[in-house]
Amino acid sequence: EVQLVESGGGLVQAGGSLRLSCAASGISFDDYDIGWFRQAPGKEREGVSCMARRDGSTYYADSVKGRFTISSDNAKNTVYLQLNSLKPEDTAVYYCAADMSPYIRDTPFDPELFGSWGQGPQVTVLS
């Protein structure tokens with residue numbers, strides 16, 4: 001059974017930073033693509049970042065490019081999302097997701113392609 005356990009959400013002032021972690025069990029991140037998504041109240045879930053584990057490619061939404069960084073620790077089977085220069089509009093529940101779908105490379109921010117999801121920590125950015 002695939003389990004994705006996230007941590008690292010919280011409350012932060014605008015301009016601050018947080019690091020989200022996504023620890024996996026039941027899979028090896030070597031074989032899976034990992035995506036980070038977020039969902040704000042009343043809005044659709046949107047893709048934030050994605051790491052294609054098989055070749056290391058990374059993808060970022062335009063809204064977070066230059067501010068967020070996705071990385072991984074193979075030894076810990078954990079993927080991170082570093083959130084810097086946070087803005088109030090970054091406030092959302094953040095989810096990590098994993099899948100092996102070959103279509104993720106073409107549409108890395110399509111949540112329908114990801115079959116396993118974490119529980120979603122809250123990130124709140126105060127203005």
Side-chain angles (χ1 to χ4, degrees):
E1 180 185 0
V2 179
Q3 282 195 319
L4 302 176
V5 179
E6 300 165 6
S7 60
L11 190 70
V12 65
Q13 294 285 340
S17 298
L18 286 171
R19 189 176 77 160
L20 306 181
S21 301
C22 175
S25 60
I27 62 171
S28 170
F29 276 157
D30 286 342
D31 300 322
Y32 280 69
D33 294 336
I34 307 300
W36 284 96
F37 294 79
R38 67 185 181 186
Q39 189 165 20
K43 295 188 177 181
E44 291 186 356
R45 189 167 298 190
E46 63 170 346
V48 174
S49 183
C50 181
M51 175 178 282
R53 298 293 290 127
R54 283 157 286 186
D55 64 5
S57 300
T58 57
Y59 308 88
Y60 296 95
D62 289 342
S63 59
V64 306
K65 205 170 289 184
R67 300 189 297 121
F68 291 8
T69 304
I70 191 169
S71 63
S72 65
D73 184 329
N74 291 350
K76 296 181 179 180
N77 214 29
T78 298
V79 174
Y80 304 97
L81 187 68
Q82 179 69 39
L83 290 63
N84 294 332
S85 302
L86 282 162
K87 305 175 182 180
E89 52 264 42
D90 295 319
T91 295
V93 177
Y94 282 71
Y95 301 89
C96 70
D99 209 279
M100 297 177 68
S101 170
Y103 303 106
I104 290 175
R105 294 187 188 184
D106 295 326
T107 52
F109 297 142
D110 182 355
E112 298 297 323
L113 297 178
F114 290 84
S116 300
W117 292 83
Q119 79 280 11
Q122 174 73 42
V123 171
T124 302
V125 184
L126 303 177
S127 58

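Since this is a predicted model, take the numbers as computed values, not measurements.
Closest approach of Ala92 to Ala40, counting heavy atoms only: CB-N, 3.8 Å. Heavy atoms only, all atoms of each residue included: Ala14 and Ser127 are closest at CB-CA, 4.3 Å. The nearest pair of heavy atoms linking Gly47 to Ala61 is O-CB, 3.4 Å.
Considering only heavy atoms from C-beta on, Tyr95 stays 4.5 Å or farther from Leu4 through its side chain. Inter-residue side-chain proximity for Leu81 and Val48 is flagged as met; some heavy-atom pair is nearer than 4.5 Å. No side-chain heavy atom of Leu113 sits less than 4.5 Å from a side-chain heavy atom of Asp99. Taking 4.5 Å as the limit, some side-chain heavy atom of Val123 sits within range of a side-chain heavy atom of Leu20. You'll find the side chain of Arg38 reaches within 4.5 Å of the side chain of Ser63, heavy atoms only. Side-chain contact between Ile104 and Phe114 is present, with at least one heavy-atom pair separated by less than 4.5 Å. The shortest side-chain heavy-atom distance between Met100 and Ile27 does not fall under the 4.5 Å cut-off. At a threshold of 4.5 Å between non-hydrogen side-chain atoms, the residues Leu86 and Phe68 count as touching.
At least one donor-acceptor pair closer than 3.5 Å links the side chain of Thr78 to the backbone N or O of Lys76. Under a 3.5 Å cut-off, the side chain of Asp90 and the backbone N or O of Lys87 do form a donor-acceptor pair. Here the side chain of Ser49 pairs a donor or acceptor atom with the backbone of Tyr59 at under 3.5 angstrom. Between the side chain of Glu6 and the main chain of Cys96, a donor-acceptor pair closer than 3.5 Å is present. In this structure a side-chain-to-backbone donor-acceptor pair under 3.5 Å is present from Thr91 to Val125.
The aromatic rings of Phe37 and Trp117 sit tilted, their planes meeting at an angle between 30° and 60°.
Connection of Trp36 to Tyr32 is established within a shared hydrophobic cluster, with ILVMFWY side chains joined at heavy-atom distances below 4.5 Å, either directly or through further cluster members. Neither Val64 nor Tyr80 shares a network with the other; the hydrophobic side chains, linked directly or stepwise wherever heavy atoms of I, L, V, M, F, W or Y lie under 4.5 Å apart, form separate groups for each.
Atom CD1 in Ile34 sits 9.0 Å away from atom OG in Ser72 (nearest 0.5 Å). A distance of 12.0 Å separates CD1 in Ile70 from CD in Gln82, rounded to the nearest 0.5 Å. One distance of note links OH of Tyr60 with CE of Met51; it measures 6.5 Å at 0.5 Å rounding.
Electrostatic pairing of Arg105 and Asp33 does not count as a salt bridge here, judged by no charged N lying under 4.0 Å from a carboxylate O. Under 4.0 Å is where a charged nitrogen must lie from a carboxylate oxygen, and between Lys65 and Asp62 at least one such pair does.
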- Steps toward side-chain contact (heavy atoms from CB on, under 4.5 Å) verdict (Leu83, Tyr94): CA-CA 11 Å; Leu83 290 63; Tyr94 282 71; 4.1 Å; yes
